[in-house]
Amino acid sequence: MLPLLALSSSGASADLKLCNSTSSRVGVAVGYQDATGWATEGWWNIASQTCETLLKGPVPSRFIYVHALDYDRGGEWVGTNYMCTDDKSFAIRGVQDCQQRGFKRTGFFEVDTGESQEWTIRLTDPEASEK
């Protein structure tokens, strides 16, 4: 069973943030398209019940892509949008030929920010939505 996701825009500074509302530590990677093409970045290690700024400044594109790992209980947040990642901290340009370039091909889920300048993604425990 994977934890659920809730999305919101916020009135804070123009940044992309992720709040980990789960009881676990999570690792997060993001993908986006900016003026120079596709990019993926990771890993942010975010403690339980904390928020972290992933990208400073205005959100780079309407659609942001997220892949997250639950370090404590296992499981992950995945999707059908495939992008490149690495095992350690990374910043990768391009989403094609990941394996041929020495990277992993990883599924990301899409977040529609509605073209907001700032956005907060909130990861939650599955039990929170079942109550």
Side-chain angles (χ1 to χ4, degrees):
M1 179 172 4
L2 294 177
L4 298 177
L5 165 79
L7 308 171
S8 66
S9 63
S10 69
S13 64
D15 294 329
L16 175 68
K17 296 180 180 156
L18 186 131
C19 292
N20 175 11
S21 298
T22 75
S23 58
S24 298
R25 293 171 303 124
V26 298
V28 177
V30 296
Y32 55 90
Q33 189 172 25
D34 62 14
T36 61
W38 286 99
T40 51
E41 299 181 36
W43 294 100
W44 286 269
N45 296 310
I46 305 174
S48 173
Q49 305 300 318
T50 64
C51 297
E52 179 112 12
T53 297
L54 304 183
L55 301 174
K56 292 186 184 298
V59 173
S61 59
R62 176 177 177 170
F63 296 100
I64 300 295
Y65 299 86
V66 179
H67 179 87
L69 303 170
D70 184 321
Y71 290 142
D72 296 330
R73 293 179 293 180
E76 54 190 341
W77 289 262
V78 299
T80 58
N81 301 284
Y82 289 92
M83 300 183 179
C84 304
T85 62
D86 207 351
D87 289 334
K88 300 200 179 196
S89 182
F90 65 90
I92 302 169
R93 280 289 174 181
V95 295
Q96 301 300 324
D97 305 317
C98 297
Q99 293 165 321
Q100 294 89 323
R101 296 191 294 147
F103 303 117
K104 291 184 173 180
R105 184 174 178 263
T106 305
F108 285 65
F109 66 86
E110 183 177 86
V111 176
D112 183 350
T113 68
E115 299 184 25
S116 292
Q117 293 295 296
E118 72 273 339
W119 196 261
T120 299
I121 300 164
R122 187 172 309 278
L123 300 178
T124 61
D125 283 320
E127 309 84 60
S129 65
E130 295 170 4
K131 291 181 179 174

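Not measured: the values here are computed from a predicted model.
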| request: Show your reasoning for whether salt bridge (charged side-chain N to carboxylate O under 4.0 Å, His left out) applies to Asp86 and Arg101. | output: CA-CA 11 Å; Asp86 207 351; Arg101 296 191 294 147; over 6 Å; no

| task | Check step by step if side chain to side chain contact (heavy atoms under 4.5 Å, CB included) holds for Trp77 and Val26. | result | CA-CA 10 Å; Trp77 289 262; Val26 298; 3.8 Å; yes

| field | Intermediate values then yes/no, side chain to side chain contact (heavy atoms under 4.5 Å, CB included), Trp44 and Leu18 | value | CA-CA 10 Å; Trp44 286 269; Leu18 186 131; over 6 Å; no

| Thr53 and Lys17: side chain to side chain contact (heavy atoms under 4.5 Å, CB included), yes or no, with the steps? | CA-CA 4 Å; Thr53 297; Lys17 296 180 180 156; 3.6 Å; yes

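Minimum interatomic distance between Cys84 and Gly94 (heavy atoms only, all atoms of both residues): SG-O, 3.8 Å. The two residues Asn45 and Glu52 have their closest heavy-atom pair at O-OE1, 4.4 Å. For Phe90 against Ala29, the heavy-atom pair with the smallest separation is CZ-CB, 3.8 Å. The minimum heavy-atom distance linking Gly37 with Arg93 is given by the pair O-NH1, 3.3 Å. Scanning all heavy atoms of the two residues, the minimum distance from Trp119 to Val111 falls at NE1-CG1, 3.5 Å. When every heavy atom of Val28 is checked against every heavy atom of Ala68, the shortest pair comes out as CG2-CB, 4.1 Å.
In this structure, CG on Asp70 lies 3.5 Å from OG on Ser24, to the nearest 0.5 angstrom. Phe103 CZ to Met83 CE: the interatomic distance, rounded to the nearest 0.5 Å, is 14.5 Å. Rounded to the nearest 0.5 angstrom, Cys51 SG and Ile121 CD1 are separated by 11.5 Å. Rounded to the nearest 0.5 angstrom, Leu16 CG and Thr120 OG1 are separated by 7.5 Å.
Between the side chain of Asp97 and the backbone N or O of Gln100 there is no donor-acceptor pair closer than 3.5 Å. Of the possible polar contacts, one joining the Asp15 side chain to the Gly57 backbone as a donor-acceptor pair under 3.5 Å is found. Proximity of a side-chain donor or acceptor of Ser61 to a complementary backbone N or O of Phe63 within less than 3.5 Å is detected. In this structure, the side chain of Gln49 engages the main chain of Ser21 through a donor-acceptor pair within 3.5 Å. When atom types are taken as modelled, the side chain of Thr113 and the backbone of Arg62 share a donor-acceptor pair closer than 3.5 angstrom. Judged by distance alone, the side chain of Asp34 and the main-chain N or O of Ala39 form no donor-acceptor pair under 3.5 Å. A donor-acceptor contact shorter than 3.5 Å is absent between the side chain of Thr22 and the backbone of Asp125. Judged by distance alone, the side chain of His67 and the main-chain N or O of Val78 form no donor-acceptor pair under 3.5 Å.
Put simply, Val95 and Phe109 are part of two different groups of oily side chains (I, L, V, M, F, W, Y) that touch within less than 4.5 Å, one to the next. Ile64 and Ile92 are not part of a single hydrophobic cluster, where members link through side-chain heavy atoms under 4.5 Å apart.
Figure legend: Arg105 and Tyr82 shown as a cation-pi pair, the cationic atom lying under 6.0 angstrom from the six-membered ring centre and within 45 degrees of its axis.
The shortest distance between side-chain heavy atoms of Phe108 and Thr40 falls below 4.5 Å. By the 4.5 Å heavy-atom criterion applied to side chains, Leu54 and Ile46 are counted as neighbours.
Residues Tyr71 and Trp43 keep their aromatic ring centres 6.0 Å or farther apart.
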